Amino acid sequence: MAPRLDFSDWWGKDSKKGTPVVVKMENPNYSVVEINGPDSAFRPVEKNRGKNAKQVTWVLLLKAHRAVGCVAWLATVFWSLLGAIKKRLIFRQGVAVATEKLGKGKLVLKIIRVFLVTSLAILAFEVLAYLKGWRYFESANLHIPRTLGLQGLLHMVYVAWLTFRADYIAPVIQVLSQFCVVLFLIQSVDRLVLCLGCFWIKFKKIKPRIDGDPFKSDDVEAPGYEYPMVLVQIPMCNEREVYEQSISAVCQMDWPKDRILIQVLDDSNDESIQWLIKAEVTKWNQKGVNIIYRHRLIRTGYKAGNLKSAMSCDYIKDYEFVAIFDADFQPNPDFLKLTVPHFKNNPELGLVQARWAFVNKDENLLTRLQNINLCFHFEVEQQVNGAFLNFFGFNGTAGVWRIKALEESGGWLERTTVEDMDIAVRAHLNGWKFIFLNDVKVLCEVPESYEAYRKQQHRWHSGPMQLFRLCLPAIITSKIALWKKANLIFLFFLLRKLILPFYSFTLFCIILPLTMFVPEAELPMWVICYVPVVMSFLNILPDPKSFPFIVPYLLFENTMSVTKFNAMVSGLFQLGSSYEWVVTKKAGRSSESDLLAAAERDSKTMNQPQICRGASETELGLLNQLKEQKEAAPKPVKKVNKIYRKELALAFLLLTASVRSLLSAQGVHFYFLLFQGVTFLVVGLDLIGEQIS
């Protein structure tokens, strides 16, 4: 043991000053204090001083209690997972199997099943060889006997499998893995550049600004304020849960009532919902709000057809700008005053996009993980592209368009399910510029169930590939700068819409499990661990509170690559589901401020008599009938979880590969495959959207 050099006693002997004083009290409730000098009472107290055996025991007991609590929590989670597997997979209680509408989905499922059966067979063979001690390729000095007399039939088959694996299977997997790794590195560099651009924006405080008073009239003879004519559109379809709060929020926006028109564009095919929306529009119309209700009998073109039909009205020519809000969006009263002024003295500006904020981001684990992705999308991608390129994909809502830009770009087209991205690309090709306002936020919802989120992601990833096929000739022949064409083709479409889901699915869901059975094609550690963790850390930076969810986020993103890959293939090759539009189910969440405002309005309504001016007896009777229907509405049906077969098949494939990695003592590979397999299992059993505290 090294000698202990302690100079405290030595220094204390030479530094003592004054006469020691001892103060003693007869009352036992007071402690005895010994003062060795004038400054001794102010010296730092040693941390280990004063700890007795009883205190140490309590500290150890507290630490043991925490450890036991952690183990108990893990055991509870594991037991709950086993219970869910037993209930949903074995007994099929309260679940339904998710159907594959297309042959493509069934084909992918068959391919995954073939990989699973093959891996199970190879694993059984490897376990048998492991038990017999045939570990030939793990030791370079191990001699393989070639005499037929020394080899049994199983032995010969095993040696033949090793030779075939090394000569034919491993090179193919190595080439494919190297190709995916290159794509992975390119996409990682793109993410890093975007993050650096975001840091530069924060450091330089770059953001769009409004100079002076934008509404003040420039006419000296007629001083005052001039507000442009603004059209507000709220497209919706069977939005029973959210129609009321969205219409209410839009009708309360701070803008002169004679300079604004609100269009409620209802595509609902449920008559009860139509009457409810009509009643809400009538209520605000009686309060003096300039609002109208439009309903299409034939719902062609989905949202794009709805917006196109509304823009064909004759009175549209009187308006200069149009603001669009989906049915679950709740803009603040000052939204128009924060967005419309940017158009003044900026004739090349075609779009002002605001950021989304989510009222239900802490509802469950699924909403928390979505919040991470969307925060990165707005804080980094949209803000950087808007600041440096003046171009980004329109988010379809919470934005203000110059109507002239829409008309010159061809208006809304019904050719894809991503009409927002379509109009943004065509406007960019026509020379219009975009602005993103990161400080202006509009409340909305994210899907709370995996089924709704899965359908939303399918639409978001199939539409861009379908649009890319349609827009590629127009991009090539356009008159914009060459670097803008390269940015559209290689970065906007190929890298961020095609390469990302391709390498995520191929590398982490197919190649990585195969390398466990083909050790000659093993992936390097930095591909499996280091780079993905760094990229996940960069994605979480815009929302630091989500840092504890970095591991679930990484695993869940790899899990979602199956859905995104399927959607990308269907859009690229024009399969049937590429034009499938399913309205995302909403829960009708409200923010705390909205709830307080609603309570205040209710209290005022109770204290003041209700007067309906301009309403006929027929309308009042209709309103009463609607209230009765609302009260007698059936209770919501209990949620039925679904079984997702592709996710379950990949879960068992990854778990099988984790067992193989355990045999070869590959610790990091084992934990990654195990956790990824469990994540696929949780998603496949539809547990990811369950409520959490």
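All values reported here derive from a predicted model rather than from experimental measurement.
Here Trp401 pairs with Phe394, Phe434 under the ring-ring contact (aromatic ring centres under 6.0 Å, His included) rule; sequence neighbours left out. For Phe321, the ring-ring contact (aromatic ring centres under 6.0 Å, His included) test picks out Phe343, with sequence neighbours left out. When the ring-ring contact (aromatic ring centres under 6.0 Å, His included) test is applied to Trp356, the partners found at least two apart in sequence or on another chain are Phe329, Phe378. The side-chain hydrogen bond (donor to acceptor under 3.5 Å, both in side chains) search around Asp270 returns Ser272, not counting sequence neighbours.
Screening residues 288-298 for salt bridge (charged side-chain N to carboxylate O under 4.0 Å, His left out) gives Asp267-Arg296 as the qualifying pairs, with residues at least two apart or on separate chains.
Comment: Lys564 engages Glu557 in a salt bridge, judged by a side-chain N to carboxylate O separation of less than 4.0 angstrom. Comment: Glu647 engages Arg454 in a salt bridge, judged by a side-chain N to carboxylate O separation of less than 4.0 angstrom. Salt bridge present: Asp326 and Lys303 bring a charged side-chain N and a carboxylate O closer than 4.0 Å.
Looking at heavy atoms from C-beta onward, Phe358 lies out of side-chain contact with Thr367 at the 4.5 angstrom threshold. Side-chain contact between Glu419 and Tyr302 is absent, with no heavy-atom pair separated by less than 4.5 Å. At a threshold of 4.5 Å between non-hydrogen side-chain atoms, the residues Glu445 and Val242 count as touching. By the 4.5 Å heavy-atom criterion applied to side chains, Glu451 and Tyr644 are counted as neighbours. Taking 4.5 Å as the limit, every side-chain heavy atom of Met568 sits out of range of all side-chain heavy atoms of Lys497.
Expressed to the nearest 0.5 Å, how far CG of Leu443 lies from CG of Asn360 amounts to 10.5 Å.
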Residues 257-265 side chain polar contacts: donor-acceptor under 3.5 Å, at least two apart:
| residue | atom | partner | partner atom | Å |
| --- | --- | --- | --- | --- |
| Arg259 | NE | Tyr227 | O | 2.7 |
| Arg259 | NH2 | Tyr227 | O | 2.9 |
| Gln263 | OE1 | Gln233 | NE2 | 3.0 |
| Gln263 | NE2 | Tyr315 | OH | 2.8 |

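Counted within 6.0 Å of NZ on Lys283, heavy atoms from surrounding residues, nucleotides or ligands total more than 12; the atom is thus considered enclosed.
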